[in-house]
Undergrad: 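The following block contains the structure, expressed as structure tokens.
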Amino acid sequence: MPAKRLFIKTYGCQMNVYDSERMADVLAPLGYAMTETPEGADLVVLNTCHIREKATEKVYSELGKLKEMREERLAEGGSRMTIAVAGCVAQAEGEEILRRQPAVDLVVGPQAYHQLPELIARSHRARGERLSAEFAADEKFDALAPAGRRAEGVTAFLTVQEGCDKFCTFCVVPYTRGPEWSRAPAAIEAEARDLAAQGVREVTLLGQNVNAYAGEGGLAALARRLAAIPGIERIRYTTSHPRDMDEALIAAHGELPELMPYLHLPVQSGSDRILKAMNRAHTAESYVRLVERIRSSRPDIAISGDFIVGFPGEREADFEATLSLVREVGYATAFTFKYSRRPGTPASAMPGQVDEAVKDERLARLNALLDEQARAFNASQVGKTLPVLFERPGRHPGQLIGRSPYLQAVHATAPDRLIGQIVPVRIGSAARMSLGGVLVVEELEAR
Ligand code: SAH
Ligand code: SF4
Ligand code: F3S
């Protein structure tokens, strides 16, 4: 049977990246092999994101292009391309997608990917089959994991938790990913062992609220369990909510060498008035104290954050409170967003929607400050020797790229055999996004 070609385009967060890999895994036994472009693909899956308006709109413009591509190919006597929409737009808009873009064959929500083989078969029999995506996360993982996961490279994402019960007033995730749900520790351990056996050295545990992980002993216990697996040398996790950052997890950062000193801890705003309107359940003060506690457990930890500017009702003084929180915390890196009005969320109906021009201006000021901090953080590594896990060849011949414990990309001249190894690198240069260094040769020769 000739291989069928599968193209998956992934939008949004790392959980979608993980899900896209799992979709490829469940489709492989049906003869689908991945391709790099949609041209010539038999099945195209858009794994979508609903978080901001732009993310959603991108999907529809991409669908328009795919429709044309399919028509051209059919006119030339080629085979028919099946078009599927997965991910959070699929969950949020469901059949609305089929109405808006009749070229779509399948709509499949994030909890229904294990049903893909059957859905595709059905759609090939009867075009335009409509699907309902239900929340049955345990079923999803049970069905996807034993399919046999193929690891690529020395780092891997590993979803341990899905969904969100927090209902921040700006956010669609509780509606697209459903209630908080945690996988069983044993299933996660089995997946991690399998990854380690395939050469994976670093796992990043994923969840919309990963530190709300509710398996026995919480995320700290899970991290300890995974750290004991031979071959797993580094553990990261993302994304955390400040309110779920418990003492056991904070302590683990000081005790568990495998737990990397990097924490993505979104704060969204530095104004208590805005935080309250956002339903964040933390204040600027409690967040700053929390970061202090984490830093007393692990002093060198790199903190990263998410920020929203222009939430409804945000005044200049609120925005300045965000700037002063940023100055107080000191971020290694950060993600910043202009508030995007999402249909169905409470904030979309709030008074005091902020002008785009004001959002632009605040975003630029916030980015300038965070940029300065990121550069300073990177520059502070120059002269130090950091353990770097080399992941892949760099752009220049003879060069490898890896990651520091703080998640910075590090380039160094190094032989390919060091891919998958953690090697000491003396840092010589720093830029906004990456570091450059040289191998510490004496230590290497001893290997
Ligand atoms: N669960 C995580 C992040 C989920 S979404 C958390 O609680 O932080 C990732 C980021 O997108 C959020 O942290 C937030 O900064 C941003 N975001 C979510 N909804 C948004 C909206 N409507 N407009 C702008 N940014 C948004
Ligand atoms: Fe969205 Fe808030 Fe849940 Fe994060 S915690 S996913 S921002 S509702
Ligand atoms: Fe986007 Fe869904 Fe992730 S909305 S950010 S893909 S959880």
Side-chain angles (χ1 to χ4, degrees), residues 8-20 45-59 85-93 109-111 113 133 135 137 157 159 161-181 206-213 237-245 263-270 274-275 277-282 287 303-312 314 322 331 334-350 353-354 356 359-360 362-363 366 370:
I8 305 182
K9 183 154 186 176
T10 307
Y11 302 83
C13 62
Q14 290 114 322
M15 311 207 46
N16 268 9
V17 176
Y18 177 89
D19 284 349
S20 289
V45 180
L46 300 185
N47 193 4
T48 62
C49 174
H50 197 54
I51 200 85
R52 283 165 290 273
E53 193 178 350
K54 260 203 199 117
T56 304
E57 285 313 311
K58 254 189 241 163
V59 174
V85 178
C88 291
V89 177
Q91 183 64 38
E93 299 193 352
Q111 310 307 332
Y113 296 152
F135 293 124
F157 291 138
T159 296
Q161 183 275 337
E162 281 216 49
C164 181
D165 300 336
K166 308 294 193 286
F167 291 91
C168 300
T169 53
F170 50 81
C171 186
V172 296
V173 171
Y175 314 99
T176 63
R177 292 278 172 164
E180 287 180 11
W181 186 86
L206 299 180
Q208 269 86 25
N209 288 275
V210 72
N211 60 341
Y213 177 74
Y237 58 93
T238 198
T239 293
S240 296
H241 193 291
R243 78 163 96 159
D244 293 318
M245 206 63 214
L263 179 63
H264 185 60
L265 195 64
V267 65
Q268 314 299 357
S269 169
I274 297 299
L275 287 168
M278 286 176 163
N279 189 32
R280 284 293 292 181
H282 59 78
Y287 178 89
I303 302 289
S304 112
D306 288 349
F307 297 86
I308 294 176
V309 299
F311 184 83
E314 185 186 73
T322 300
Y331 285 89
F335 303 87
T336 57
F337 309 101
K338 286 191 283 179
Y339 169 70
S340 171
R341 208 168 171 171
R342 307 307 288 128
T345 59
S348 68
M350 286 180 187
Q353 300 286 329
V354 176
E356 279 307 300
K359 288 183 197 170
D360 284 330
R362 288 179 188 165
L363 185 70
L366 179 60
L370 287 163

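Just so you know, ligand 1 is whichever comes first in the structure, and atom 1 is the first atom listed for that ligand. Numbering of residues begins at 1 and proceeds along the displayed sequence.
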Undergrad: Can you tell me which residue among Y331, F335, Y339, F170 is in a ring pair (Phe, Tyr, Trp, His ring centres under 6.0 Å) with F307?
TA: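 Of Y331, F335, Y339, F170, ring pair (Phe, Tyr, Trp, His ring centres under 6.0 Å) with F307 is met by Y331 alone.
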Undergrad: With the threshold set at 4.0 Å, does a side-chain nitrogen-carboxylate oxygen contact exist between E314 and K359?
TA: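 Salt bridge: no.
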Undergrad: Would the distance check show the side chain of N279 and the main-chain N or O of F167 forming a donor-acceptor pair, the cut-off being under 3.5 Å?
TA: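 Side chain of N279 to backbone of F167: a pair is present.
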Undergrad: Can you name the atoms of ligand 3, numbered from 1 with element, that are less than 4.0 Å from a heavy atom of Q208?
TA: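 Those atoms are 7 (S).
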Undergrad: Kindly say whether A86 contributes a backbone atom to a donor-acceptor pair with the side chain of T48 at under 3.5 angstrom?
TA: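 Side chain of T48 to backbone of A86, a donor-acceptor pair under 3.5 Å: yes, one is there.
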Undergrad: Can you confirm, on distance only, whether ligand 1 has an N/O atom lying under 3.5 Å from any N/O atom belonging to F170?
TA: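 Right, the criterion is met.
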Undergrad: What atoms in ligand 1 come closer than 4.0 Å to a heavy atom of R342?
TA: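 Numbered from 1, ligand 1 contributes 22 (N).
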Undergrad: I need the nearest protein heavy-atom contact for atom 1 (N) of ligand 1: residue, atom name and distance, please.
TA: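 Heavy-atom neighbour on the protein nearest atom 1 (N) of ligand 1: Q208 O, 2.7 Å.
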Undergrad: With a 4.5 Å heavy-atom cut-off, do L206 and T238 have their side chains touching?
TA: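 Heavy-atom side-chain distance check passes, below 4.5 Å.
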Undergrad: For ligand 2, indicate whether the residue P266 contacts it via side chain, backbone, both or neither (heavy-atom separation under 4.0 Å).
TA: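 Answer for P266: neither.
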Undergrad: Less than 3.5 Å between some nitrogen or oxygen of Q268 and one of ligand 1, yes or no?
TA: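 There is such a contact, yes.
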Undergrad: Would you call the rings of H282 and H241 parallel, tilted or perpendicular, where under 30° means parallel and over 60° means perpendicular?
TA: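 Perpendicular, since the angle between the ring planes exceeds 60°.
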Undergrad: Do F337 and F311 have ring centroids that are under 6.0 Å from one another?
TA: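 Ring-ring flag for F311/F337: false, centres at least 6.0 Å apart.
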Undergrad: When you measure from the side chain of Q208 to the backbone N and O of G163, does any donor-acceptor pair fall under 3.5 Å?
TA: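 Present.
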Undergrad: Is there a donor-acceptor contact under 3.5 Å from the side chain of N47 to the main chain of N16?
TA: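 Checked: pair present.
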Undergrad: For atom 1 (Fe) of ligand 2, what is the nearest protein heavy atom, given as residue, atom name and distance?
TA: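 Checking every protein heavy atom, the shortest distance to atom 1 (Fe) of ligand 2 gives C171 SG, 2.3 Å.
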Undergrad: Would you say atom 21 (C) of ligand 1 makes contact with the protein, given that contact here means a non-hydrogen protein atom less than 4.0 Å away?
TA: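 Answer yes: something from the protein, a heavy atom, is under 4.0 Å.
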Undergrad: Could you tell me whether F337 approaches ligand 1 through its side chain, its backbone, both or neither, with non-hydrogen atoms closer than 4.0 Å?
TA: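 It is the side chain that gets close, since no backbone atom is under 4.0 Å.
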Undergrad: Could you check whether any heavy atom of R177 sits closer than 4.0 Å to an atom of ligand 3, since that is the contact criterion I want to use?
TA: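 Right, R177 reaches ligand 3.
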Undergrad: Ignoring hydrogens, what is the shortest heavy-atom contact between T336 and L366? Give both atom names and the distance.
TA: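 Scanning both residues, the minimum pair turns out to be CG2-CD2, 3.7 Å.
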Undergrad: What atoms of ligand 1 come closer than 4.0 angstrom to any heavy atom of Y339?
TA: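 Under 4.0 Å from Y339, ligand 1 has these atoms: 23 (N), 24 (C).
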Undergrad: Hey, does H241 sit under 4.0 Å from ligand 2 if you only count heavy atoms?
TA: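 Per 4.0 Å heavy-atom rule, H241 contacts ligand 2.
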Undergrad: What do you reckon, does V173 put a non-hydrogen atom under 4.0 Å from ligand 1?
TA: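 No.
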Undergrad: Between Q91 and H50, is there a side-chain heavy-atom distance shorter than 4.5 Å?
TA: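 No, their side chains stay 4.5 Å or more apart.
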Undergrad: Determine whether the side chain, the backbone, both or neither of F167 has a heavy atom under 4.0 Å from any heavy atom of ligand 2.
TA: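 Looking at F167 and ligand 2, just backbone atoms fall under 4.0 Å.
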Undergrad: Checking Q161 side chain against N209 main chain: does a donor-acceptor pair fall under 3.5 Å?
TA: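 A pair under 3.5 Å: yes.
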Undergrad: Which one of C168, C164, G207 has a non-hydrogen atom at the shortest distance from atom 3 (Fe) of ligand 2?
TA: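 Shortest heavy-atom distance from atom 3 (Fe) of ligand 2: C164.
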Undergrad: Which atoms of ligand 2 have any heavy atom of P174 under 4.0 Å away?
TA: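 By the 4.0 Å cutoff, the relevant atoms are 8 (S).
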Undergrad: Check each atom of ligand 3 against the heavy atoms of N16 and keep those under 4.0 Å away; list them by number with element.
TA: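 In order of numbering, the contacting atoms are 6 (S).
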Undergrad: Of all the non-hydrogen atoms in the protein, which one sits nearest to atom 4 (S) of ligand 3, and at what distance?
TA: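 Residue, atom and distance for the closest contact: H50 N, 3.3 Å.
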Undergrad: Going by heavy-atom distance to atom 7 (O) of ligand 1, choose the closest among K359, R280, K166, K338.
TA: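 Comparing heavy atoms across K359, R280, K166, K338, the nearest one to atom 7 (O) of ligand 1 lies in R280.
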Undergrad: If you have a sec, work out which protein heavy atom is nearest atom 5 (S) of ligand 1 and how many Å separate them, to one decimal?
TA: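 Answer for atom 5 (S) of ligand 1: I51 CD1, 3.5 Å.
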Undergrad: Any nitrogen or oxygen of S340, main chain or side chain, under 3.5 Å from a nitrogen or oxygen of ligand 1?
TA: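 The answer is yes, given that S340 and ligand 1 share an N or O pair closer than 3.5 Å.
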Undergrad: Just going by heavy-atom distances, which of G87, P110, A55, C49 is nearest to atom 1 (Fe) of ligand 3?
TA: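 Heavy atom nearest to atom 1 (Fe) of ligand 3 belongs to C49.
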Undergrad: Looking only at distances, can you tell me whether any N or O atom of H241, backbone or side chain, sits closer than 3.5 Å to an N or O atom of ligand 1?
TA: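 In fact, backbone or side chain, H241 has no N or O that close.
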Undergrad: Can you confirm whether more than 12 heavy atoms, excluding those of E53, are under 6.0 Å from its CD atom?
TA: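 No, the 6.0 Å shell around CD holds no more than 12 heavy atoms from other groups.
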Undergrad: Can you tell which of G163, C171, C13, C164 gets a heavy atom nearest to atom 3 (Fe) of ligand 3?
TA: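 Comparing heavy atoms across G163, C171, C13, C164, the nearest one to atom 3 (Fe) of ligand 3 lies in C13.
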Undergrad: At the 4.0 Å heavy-atom cut-off, does R280 count as touching ligand 2?
TA: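 Heavy atoms of R280 do come under 4.0 Å of ligand 2.
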Undergrad: At what distance is the nearest protein heavy atom to atom 8 (O) of ligand 1, and which residue and atom is it?
TA: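 Of the protein heavy atoms, P266 CG, 3.1 Å lies nearest.
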Undergrad: Check whether any side-chain heavy atom of P266 lies under 4.5 Å from a side-chain heavy atom of R280, and answer yes or no.
TA: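 Yes; the side chains approach each other to less than 4.5 Å.
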Undergrad: Can you find an N or O of D306 that's nearer than 3.5 Å to an N or O of ligand 1?
TA: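 Checking ligand 1 against D306, an N or O pair does fall under 3.5 Å apart.
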Undergrad: Is it the side chain (CB and beyond), the backbone, both or neither of T239 that lies under 4.0 Å from ligand 2, heavy atoms counted?
TA: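 Under 4.0 Å from ligand 2, T239 contributes no heavy atoms.
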Undergrad: Which heavy-atom pair separates C88 from R177 by the least distance, and what is that distance?
TA: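 What the structure gives for the nearest pair is SG-NE, 3.2 Å.
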Undergrad: Is there a side-chain contact between T169 and S348 (heavy atoms, below 4.5 Å)?
TA: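 No, their side chains stay 4.5 Å or more apart.
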Undergrad: Nearest heavy-atom pair of C164 and P174: which atoms, and what distance?
TA: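 Heavy-atom minimum between the residues: O-CB, 3.5 Å.
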Undergrad: If you count the atoms of ligand 2 from 1 in the order shown, which ones are under 4.0 Å from a heavy atom of F170?
TA: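 In order of numbering, the contacting atoms are 7 (S).
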Undergrad: Ligand 1 and R52, any nitrogen or oxygen pair closer than 3.5 angstrom?
TA: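 Yes; at least one N/O pair falls below 3.5 Å.
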Undergrad: In the protein, which heavy atom is nearest to atom 2 (Fe) of ligand 3, and how far is it?
TA: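 I find the closest protein heavy atom is C88 SG, 2.2 Å.
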Undergrad: Minimum heavy-atom separation for V85 and A90, please, with both atom names.
TA: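 Of all heavy-atom pairs spanning V85 and A90, the closest is O-CB, 3.5 Å.
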Undergrad: Counting only heavy atoms closer than 4.0 Å, does ligand 3 sit against the backbone of M15, its side chain, both, or neither?
TA: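 No part of M15 is near ligand 3 at this cut-off.
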